[in-house]
Amino acid sequence: MLSRLSIRLVVWLGCVGLSLLAVTASAADYPSKPIRWIVPFPPGGAIDMVSRVLAQRVSQTLGQPVTVENRPGAGGIIGSA
């Protein structure tokens, strides 16, 4: 008969194994399409310039095109929504 500790260990190892399989399966083909980077501020500002530099580096790293889309208005609420 198995003790409580060994049952917990078997259950814990099973959960860890299943979670590792799920992570591996979901990350295999990400990203599969171009990425839209929405900036909730008008173009030409400091946040826009930083976003474009970061988008360029993300694009090089992931191998997918990243487009920066500005959606200003309402103090950033429109773009954040």
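Remember, it's a predicted structure, so these values are computed and weren't measured experimentally.
- Grouping the Ile, Leu, Val, Met, Phe, Trp and Tyr side chains by contacts below 4.5 angstrom, directly or via other members, places Val39 with Ile35.
- Across all non-hydrogen atoms, the minimal contact from Arg71 to Arg36 is NH2-NH2, 3.5 Å.
- Residues Met49 and Ile47 fail the side-chain proximity criterion, which asks for heavy atoms closer than 4.5 Å.
- Legend: residues meeting side chain to side chain contact (heavy atoms under 4.5 Å, CB included) with Arg52, ordered by chain and number and at least two apart, are Asp48, Val68, Asn70.
- Between Pro34 and Gln64, the closest heavy-atom pair is N-OE1, 3.8 Å.
- Looking at every heavy atom in both residues, Ser59 comes nearest to Pro65 through OG-CA, 3.8 Å.
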